[in-house]
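Everything below concerns the one structure shown next.
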Amino acid sequence: MQIPPKYNHIDTEKKWYSFWMKNKLFKSVPNEKEPFTIVIPPPNVTGLLHMGHMLNNTIQDILVRRARMMGKNACWVPGTDHASIATEAKVVENLKKRGINKSDITRDEFLEHAWDWTEKYGGGILEQLKKLGCSCDWDRTKFTLDDDMYESVIQAFEALHEKGLVYRGYRMINWDPEAKTTVSDEEVNHIEEDSSLYYLKYFIENSEVELQIATTRPETIFGDTALCVNPKDERYKDIIGKQAIVPICGRKIPIIADSYVDLEFGTGCLKVTPAHDINDYNLGIKHNLETIDIFDENAILNNNGLHYEGKDRFQVRKEIEIELDSKNLLVKKENYIHNVGRSERTNAVVEPRLSKQWFLKMDDITKPAIKNVLENENIKFFPGKFKSTYKYWLENIKDWNISRQLSWGHQIPVFYYGNNENYIVAKNKKEALTKINNKSKVQYKEDDLSQDDDVLDTWFSSWLWPISVFDGIRNPNNDEINYYYPTQDLVTGPDIIFFWVARMIISGYEFRDEKPFSNVYFTGIVRDKLRRKMSKQLGNSPDAIKLIEEYGADSVRVGLMLSSAAGNDLLFDESLCQQGKNFTNKIWNALRLVNGWEVDEEKSQPVVNKLGIDWYSNKFNNSLELINKNFENYRISDVLMSSYRLVWDDFCSWLLEILKPNFGEKIDKKSKTELIILFEKNLKILHPFMPFLTEEIYHNLPNTNNSSPLTISNWPEIEDYDQKSVNEFEITKEVISQIRNYRKEKNISFKTSLDLYYLPDKNSPGNIEIIKKIASINKLEESSKENFEMVNSFIIKNYEFFIPLEGGFDKDAEIMKLKKELDYNEGFLKSVENKLKNENFVKNAPAAIVNIEKQKILDTRSKIKSIQKSISELS
RNA sequence: GGGCGCUUAGCUCAGUUGGUUUAGAGCACCUCGUUUACACCGAGGGGGUCGGGGGUUCGAAUCCCUCAGCGCCCACCA
C-alpha cells in the first residue's frame, strides 16, 4: 500500500472523529463491566476554548481513553455551565448596546434575551473539544439550566431547607456594585493597592479637645455612629463616654471603648461605621450602635450623604478631601498600601453591605468532607499538597451565601405571602399555594404570592454536578446513578478547590452519603514563557483552534503534556507543539519505512533480527511496567516521556536499524510479523496521547487486517521479561557508540568495514551480530592483543575491545585517552576505598551495601589494571 | 499577619521512606554528516561545588536548624 510521504492531520482527524462517533465508540450505558467515570468540569456555556481547557481536557481524555482500553466501561460526561454572573453580565452589556436597560424590562423578557444569547453562542466550546479529540459520551451532554438539572437544584434547596440548613439572614455581605449582586467570600480577591490614609479632626462636645482619626475611607463619615478607643489607652481615658461631633455632618456620636482597637495603629482612635465595615458592624452589635446606610445598590451616596447625595463613592472621596481640608478638618494624608477587595467577575471594589440573603449552614455538613480526604484518604488528591489548603478552608468555613441578585440562574424556590415576611419553600407557585392554604386559615390566591427575585449562586448547581448528571437528586435509586456514582477521577484547576471541589465532596456525602470521586488531579495554570498568566488583556494566549489546525490535535496534546506534572504550572510555548509535531512525523516515517520492506517468504530469521526483537520485547515490557506505575500515580507527563523515548530511541533508532534489510535484500517473514506486533503495541500505549495518528497508522500497518478500531483495542498486558537482556543491550549500545567515535576520530567511513576483537572473559559480550551490523564490523571475535601490531582499545564494563590498526596511528593521543580513563577510575576507586576504610561504615552500613562497594573495588581494580597494561604496551 | 510550597545543567523539570549514580531526562547549544523512513533527521559532544551557611550521620540533593530569594493560598487592623 502507498503511504503518503506527509501525514495529513486535517483529513485524518476529521475522518477518525466521525468514524468514532458513527460507531458510537464513546457511548456508555450501564453494563456488567467495571465503570470508569469522569464528569467534565463544565465550561461556561458561552465561553471559548482556551489553553487551560486544552490542558485540562487533554488529561481527562488520556485517562478516559486508557481506561477504555483497559476494558472498563468508560464514561466521560460532557456539559456546560450557565455561569450566572458572567453570562448575565455579557447579556446586560449586549442589551445596553442595543439601547435596552435591564431595569426597564421584565424578568421574563430578560430571560428570553439570555436564552437567545445562549443559543446563539452556547455550546461552541463542546465542538472545539471534539477537535481536540475528546472522547466524551456526547449523548449525555448536560447544561446546568436544563429542566431536569434545574429541578435537581430546586429539590436540593428544598431538602436542605427542610433539614434546617438553609436560612435567611440579615447580614453583612460582599456587594458588587457593578453587577449589583452579592458575591461570596470566595469570589472576592484581596489585592494590595496604593491608597491614602486620611487623618481627620473630630471635636468633642463642650470641649476644646480635638481627636484625630485615621481612615482610608473619609467618605463614610456620614455613616459614623461612634468613635472607639482602647480602654487601656492612657491618652483617651478621660473622653470615654463623651460625645464627639462628626465633621461636616455635625452629628453627635458616642465615644466608646473596646479592646478591638489597636493602640499602635494610626492614632489609636477608630471611627465606627457599622453599615459599611464588617468589624464596625460587629462593634455596633456589641455596643448597640445605630446603623446608618449611606449607599444605594450602585454604591452611590443616598440622602444620608447630605450634599453628596447622588455621587459615586470614589468621587465623594476626592471631593470630601477638599472640603475637609478647606475647613481645616483634614490633619494630614499619608500614602498607604492596603488590601482592597475586588469582585472576581467585574473587578469592582466590593462594598460590605448589610442585606437579607439566603445562607447555607456549613459547619455540620462539612464533617464527612474533612474526614474522607484527610483521615482515611477515601478521596486522594494529586498532588497531595493541596490537602492542606483544603483542610484549612474547611476547618475555618463560614456559612455560604447562596443567593444572588441576578435573573440568569435557578430562581430561589421561596414564595412570600401575607406581610412578605412569611414564606414557604416549594417547587412552584402552585405547590406553594397548596402548601400555604393547607396550613393557613386565610385562603390565598396565586396573585397573593410572590417568588423571591434572587437566583442561586452558580456553584449551588455545580456542586451537585456528579450526582445531577445521572439524575441522582430527583431519582436517588435509578440505575445510572447506582452504576456510575461515585465517579473515579476529577481533573480540574486548584483555583476552584473551594468553589467546586470541596463543595462537590460536601454535597456528595450530604445527598448520597458517598464520595463523588476517588481521585482529584489538579492541573497547573497555563502561563507564557515569562510565567505570566495567560489572559485576554495581555494577548499572550494563543488561539487554541489555530494551534490544532496548524500542528494537529495530537501534536498539541503531546506538547501540552510534555511538561505538565500535576499541580505544576505549565509554561506554554509553541515550540512544545513543534516538538509534538516532530514526534508525529517520526512515527509516521517509521510506518513508511516498515511499509517499504518487502518480505522474503522463504528466508529464515537471521540471528541479528531475533536478538533485536527479543531485546525490544523485553525493553517494551520493562517500559510498560514503568508506564503503568506512573499512570497509577497520575504522573502523566512521565508516562509520555518514557513512551516518547521508547518509541523514538529504542524502537526507531535501534530496533528498526537492526532489522533494516541491507541494500537489495528482503526481510524474513517471521521478523516482519513480529515487528508489526511490536509496532502495534507502541501505538496502543501512545493512543491516549495521540489518538488520531495512532488510529490512522494502526489501519495502515502492512500485513495486518485491523478492522476493529484501536480506540477500543486492549491495553497491552505486561509479559514476563528478561531484565538482564535489557541491561546487556546497554553495553551493546556503548560498544557501538565507541566504534562510531573511533570512525569519527579516524575519519573512517561507515562503508569501510572494520574488525573488532575482545579480550577473553568468562562471559562473552552478547549481541555480537547486532554490533556487527550496526557498526559495520566485519569480524567480531575473541582474541589477544599480541596477535596484532597496534590496536585501539576501549573498555566497557568488564570487557576490553580493540580494533587492529593498519596505518597512521597517533600513539600520544591514544595514551592520553587511556590516561584520562585511568584518572577517572583511580578517583572513583579512591572514593570507594575511603568508604571501606571507614570502620564505622563497615560496622553500620547494611551488608548488602558493603558488598556492593567491595564489588565495585574489585571491578575497578581490574579495569585499572588492564588500562595500565594497555598504556605500558603503547609506551 | 498566618499557612503551604519552591530554589538541582542555558530553559522546564525527575531524583520513589539517606547508601547499587565522585548527580539524570527532554528541549536548547556546539561539532560532524546529501548511509535510498524522517534535516520535523542521524551520529557525537560540552555543560551542574544540587540557593548560602551550620548541624545530625559511617554516609546528605535527600533529614534538622538558620539565612536569602521566589511563588501560591488564607486573613476584618481602621
Side-chain angles (χ1 to χ4, degrees), chain A residues 3 5-7 172 185 190 197 213-217 228 260-262 264-273 277-282 336 338-339 341 352 383 385-389 391-393 396 494-495 497-498 525 529 531 555 562-565 567-571 573 575-576 578-597 629 633 635 637-638 640-642 644-645 652-653 656-657 660 663 736-737 740-741 743-745 747 749-751 776 824 827-828 830-832 835 838-846 848-853 855-856:
Chain A
I3 306 289
K6 290 282 171 206
Y7 169 59
M172 186 144 279
D185 292 342
H190 294 273
L197 191 59
I213 276 97
T215 180
T216 52
R217 303 196 60 190
C228 188
Y260 165 74
V261 177
D262 185 345
E264 307 296 319
F265 189 87
T267 60
C269 186
L270 173 77
K271 75 186 203 55
V272 185
T273 318
D277 185 282
I278 179 70
N279 301 303
D280 293 11
Y281 178 65
N282 292 334
Y336 184 58
H338 78 143
N339 283 328
K385 68 178 176 187
F386 287 111
K387 278 199 294 189
S388 41
T389 318
K391 179 174 184 234
Y392 185 84
W393 185 75
N396 296 282
D495 49 332
I497 185 169
F498 308 134
I525 293 164
K529 257 165 105 182
R531 283 197 180 271
S555 307
L562 270 172
S563 69
S564 50
N568 277 8
D569 285 355
L570 168 73
L571 271 48
D573 183 75
S575 64
L576 287 170
Q578 186 57 49
Q579 198 186 339
K581 195 172 178 187
N582 292 352
F583 190 38
T584 59
N585 178 257
K586 184 74 188 176
I587 305 167
W588 184 254
N589 279 295
L591 167 70
R592 291 178 57 216
L593 176 67
V594 172
N595 187 63
W597 291 347
K629 201 177 126 206
N633 294 317
R635 300 181 61 134
S637 47
D638 287 350
L640 176 59
M641 189 42 74
S642 31
Y644 177 93
R645 293 182 59 199
C652 293
S653 297
L656 294 186
E657 292 302 328
K660 194 187 257 178
F663 186 71
I736 292 167
S737 201
R740 282 170 175 163
N741 273 339
R743 283 181 187 280
K744 197 167 184 175
E745 262 172 44
N747 212 2
S749 151
F750 182 81
K751 286 171 184 160
S776 183
Y824 175 88
F828 182 70
K830 212 173 172 187
S831 80
V832 182
K835 212 184 245 187
N838 186 329
E839 280 175 31
N840 287 321
F841 170 73
V842 181
K843 204 166 66 192
N844 295 322
I849 299 293
V850 177
N851 284 336
I852 287 163
E853 297 298 321
Q855 189 58 46
K856 270 194 213 165

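Lettering of chains follows the sequences in order, A, B, ..., and the numbering in each one begins at 1. The structure displayed is predicted, hence computed values, not measured ones. Atom set for the values below is all heavy atoms of this structure, side chains included, hydrogens, waters and symmetry mates excluded.
Residue contacts shown for A:Pro352 are absent, as no nucleic acid heavy atom lies under 4.0 Å away. Looking at heavy-atom distances under 4.0 Å, A:Gly341 makes no contact with the nucleic acid at all. Heavy atoms of A:Lys6 sit under 4.0 angstrom from at least one base atom. At the heavy-atom level, A:Tyr392 lies under 4.0 Å from the strands shown only through sugar-phosphate atoms. Within 4.0 Å of A:Val842, counting heavy atoms only, lies no atom of the nucleic acid at all. Note on A:Tyr260: a base of the nucleic acid sits closer than 4.0 angstrom, heavy atoms only. Within the nucleic acid shown, A:Lys843 has no heavy atom closer than 4.0 Å to any nucleic acid atom. Nucleic acid contact for A:Ser831: none, since no nucleic acid atom lies under 4.0 Å from a heavy atom of the residue.
Closest to the side chain of A:Lys744, out of B:C38, B:C32, B:U36, is B:C32. In the set B:C58, B:A78, B:U16, the nucleotide with an atom closest to the side chain of A:Lys629 is B:U16. Of the listed nucleotides (B:G26, B:C58, B:A37), B:G26 has the atom at the smallest distance from the side chain of A:Met641. You'll find that the side chain of A:Lys856 is closest to B:U22, out of B:A75, B:U36, B:U22. Checking B:C4, B:A37, B:U36 against every side-chain atom of A:Ser388, the shortest atom distance belongs to B:C4. For A:Asn741, the side-chain atoms get nearest to B:G44 when compared with the rest of B:C40, B:C38, B:G44. Taking the side chain of A:Tyr644 as heavy atoms from C-beta on, and the options B:A78, B:C76, B:G26, the nearest nucleotide is B:G26. Here the side chain of A:Lys586 is nearest to one of B:C41, B:A78, B:U22, namely B:C41. Side-chain atoms of A:Ser563 lie closest to B:U12 of the nucleotides B:U12, B:A37, B:C77. Taking the side chain of A:Leu571 as heavy atoms from C-beta on, and the options B:G44, B:U12, B:G26, the nearest nucleotide is B:U12.
Contact check, A:Asn279 against B:C76: no side-chain N or O comes under 4.0 Å of OP1 or OP2. Of the side-chain N and O atoms in A:Tyr7, none sit less than 4.0 angstrom from OP1 or OP2 of B:C38. One finds no side-chain N or O of A:Arg743 lying less than 4.0 angstrom from the OP1 or OP2 phosphate oxygen of B:G42. Remark: A:His338 is not in phosphate contact with B:C77, judged by side-chain N or O atoms under 4.0 Å from OP1 or OP2. Between A:Asn568 and B:C6 there is no side-chain N or O to OP1 or OP2 distance below 4.0 Å.
Taking atom CZ of residue A:Phe583 and atom P of nucleotide B:C38, one finds them 18 Å apart after rounding to whole Å. Rounded to whole Å, the distance from NZ on A:Lys660 to P on B:C38 is 9 Å. Here B:A37 presents its P atom at 17 Å from CH2 of A:Trp588, a figure rounded to the nearest Å. Spacing between atom NZ of A:Lys835 and atom P of B:U57 amounts to 18 Å, rounded to whole angstrom units. With rounding to whole Å, A:Asn589 atom CG is found 14 Å from B:U36 atom P. Spacing between atom CZ of A:Arg645 and atom C1' of B:C27 amounts to 13 Å, rounded to whole angstrom units. Summarising the geometry, the separation between CD1 on A:Ile587 and P on B:C41 is reported as 12 Å, rounded to the nearest angstrom. As rounded to whole Å, 8 Å separates atom P of B:G19 from atom CD1 of A:Ile849.
Remark: the A:Glu657 side chain and the B:A37 base include a donor-acceptor N/O pair separated by less than 3.5 Å. For A:Asn838 against B:C58, a side-chain-to-base donor-acceptor contact under 3.5 Å is absent. In the interface, the side chain of A:Asn339 is paired with the base of B:A75 through a donor and an acceptor atom under 3.5 Å apart.
Rounded to the nearest 0.5 angstrom, A:Leu570 CG and A:Ile525 CD1 are separated by 11.0 Å. Residue A:Arg635 holds its CZ atom at 13.5 Å from CG of A:Leu640, rounded to the nearest 0.5 Å. One distance of note links CD of A:Glu853 with CZ of A:Phe841; it measures 5.0 Å at 0.5 Å rounding. In this structure, CZ on A:Arg531 lies 4.5 Å from CG on A:Leu571, to the nearest 0.5 angstrom.
Taking the P atom of each, B:A9 and B:C50 are spaced 10 Å apart, rounded to whole Å. The P atoms of B:C27 and B:G44 are separated by 14 Å, rounded to the nearest whole Å. On the P atoms, B:G3 is 29 Å away from B:U12, given to the nearest whole Å. B:G47 and B:U20: their P atoms are spaced 23 Å apart (whole Å). Using P as the reference atom, B:G10 and B:C29 are 15 Å apart when rounded to the nearest Å. B:U7 and B:C67: their C1' atoms are spaced 14 Å apart (whole Å). Distance check on atom C1': B:G5 versus B:G51 gives 16 Å, rounded to whole Å. Taking the C1' atom of each, B:G19 and B:C63 are spaced 14 Å apart, rounded to whole Å.
Base pairing annotation: B:G33 forms a Watson-Crick or G-U wobble pair with B:C41, both donor-acceptor distances under 3.5 Å.
Ranked by how close their nearest RNA chain B nucleotide is to the 5' end, A:Ser737 and A:Ala565 are led by A:Ala565. Taking for each of A:Asp638 and A:Cys652 the nucleotide of RNA chain B with the nearest heavy atom, the 5'-most of the two is the partner of A:Asp638.
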Chi angles and distances behind the side chain to side chain contact (heavy atoms under 4.5 Å, CB included) call for A:Val842, A:Asn838
CA-CA 7 Å; A:Val842 181; A:Asn838 186 329; over 6 Å; no
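Across every non-hydrogen atom of A:Tyr260 and A:Leu270, the tightest pair is CE2-CD2, 3.9 Å.
Between A:Lys271 and A:Thr273, the side chains place a donor N or O and an acceptor N or O closer than 3.5 Å (distance only, hydrogens not considered). No hydrogens or angles considered: a donor-acceptor pair under 3.5 Å links the side chains of A:Arg592 and A:Asn589.
Checking side-chain atoms of A:Asn396 against main-chain N and O of A:Tyr392 turns up a donor-acceptor pair under 3.5 Å.
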